[in-house]
Amino acid sequence: MSQKILVADDEPNIVISLEYLLKREGYTVLVARDGQEALEAIAREKPDLVLLDVMMPKKTGFEVCQALRASDDLQAIKILMLTAKGRDTDVAKGLALGADAYITKPFSTRELVLKVAELLRQSP
């Protein structure tokens, strides 16, 4: 059974490219276009990893991250924050809220694929 990844991003071009890239690597890919949709999909599907954009409508990636870490059922899910907000304070905030890793946009697809594989290998 392939591992499940939720891509939560409101930018259609990024969603399309990430979905293609991750499916090509053999993962099952789910998509959410805002923070609220992401939380609902995570609760329903229990993915192994969430690729989480910080700036999204309805709920930010930070709020989604915080909600996952506060939930007994969902706190083991790996979180990779993907964002154009690359200032040190943003990275520190994401990691402090419980993100497992942080990649800033624009990013190398190779770097992303390697980071995803690394995070999923650490899964229990």
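One is the number of the first residue; the rest follow in order along the sequence. Excluded from the calculations below are hydrogen atoms, water molecules and symmetry mates; all remaining heavy atoms, backbone and side chain alike, are included.
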**Q** Is any side-chain heavy atom of T83 closer than 4.5 Å to one of Y102?
**A**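 The answer is yes, as the side chains (C-beta and beyond) meet within the 4.5 Å cut-off.
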
**Q** Report the residues that fulfil salt bridge (charged side-chain N to carboxylate O under 4.0 Å, His left out) with E25, sequence neighbours left out, ordered by chain and then residue number.
**A**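 Partners of E25 under the salt bridge (charged side-chain N to carboxylate O under 4.0 Å, His left out) test: none.
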
**Q** Sequence neighbours left out, cut at 3.5 Å: what donor-acceptor pairs do the side chains of residues 49-69 make with other protein atoms?
**A**
| residue | atom | partner | partner atom | Å |
| --- | --- | --- | --- | --- |
| D53 | OD1 | K105 | NZ | 3.3 |
| T60 | OG1 | F62 | N | 3.3 |
| T60 | OG1 | E63 | N | 3.1 |
| E63 | OE1 | T60 | N | 2.7 |
| R69 | NE | G98 | O | 2.8 |
| R69 | NH1 | Q75 | O | 2.7 |
| R69 | NH1 | I77 | O | 2.8 |
| R69 | NH2 | I77 | O | 3.1 |
| R69 | NH2 | G98 | O | 3.0 |
| R69 | NH2 | D100 | OD2 | 2.8 |

**Q** Carefully, step by step, assess D48 and K78 under the rule side chain to side chain contact (heavy atoms under 4.5 Å, CB included).
**A** CA-CA 6 Å; D48 300 290; K78 297 286 183 184; over 6 Å; no

**Q** Can you tell me how far the CD1 atom of I16 sits from the CG atom of D9, to the nearest 0.5 Å?
**A** 11.0 Å

**Q** Between L120 and I5, does a side chain to side chain contact (heavy atoms under 4.5 Å, CB included) hold up when you go through it step by step?
**A** CA-CA 10 Å; L120 290 173; I5 298 175; 4.1 Å; yes

**Q** Any salt bridge linking E118 with K115? Criterion: basic side-chain nitrogen under 4.0 Å from a carboxylate oxygen.
**A** yes

**Q** Are L112 and L18 side-chain neighbours, meaning at least one heavy-atom pair lies under 4.5 Å?
**A**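 L112 vs L18: side chains touch.
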
**Q** For Y27 versus S2, what's the shortest heavy-atom pair and its separation?
**A**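 Result for this residue pair: C-OG, 4.0 Å.
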
**Q** Out of curiosity, M81 CE to T104 OG1, how far, rounded to the nearest 0.5 Å?
**A**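 With rounding to 0.5 Å, CE (M81) is 12.5 Å from OG1 (T104).
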
**Q** Can you see which heavy atom on A38 is nearest to which on L6, and at what distance?
**A** O-CD2, 3.8 Å

**Q** Is a salt bridge present between K23 and E19, judged by a nitrogen-to-oxygen distance below 4.0 Å?
**A** yes

**Q** Roughly how far, to the nearest 0.5 Å, is the CG atom of L30 from the NZ atom of K46?
**A** 12.5 Å

**Q** With heavy-atom distances below 4.5 Å as the criterion, would you say the side chains of T109 and Y20 are in contact?
**A** no

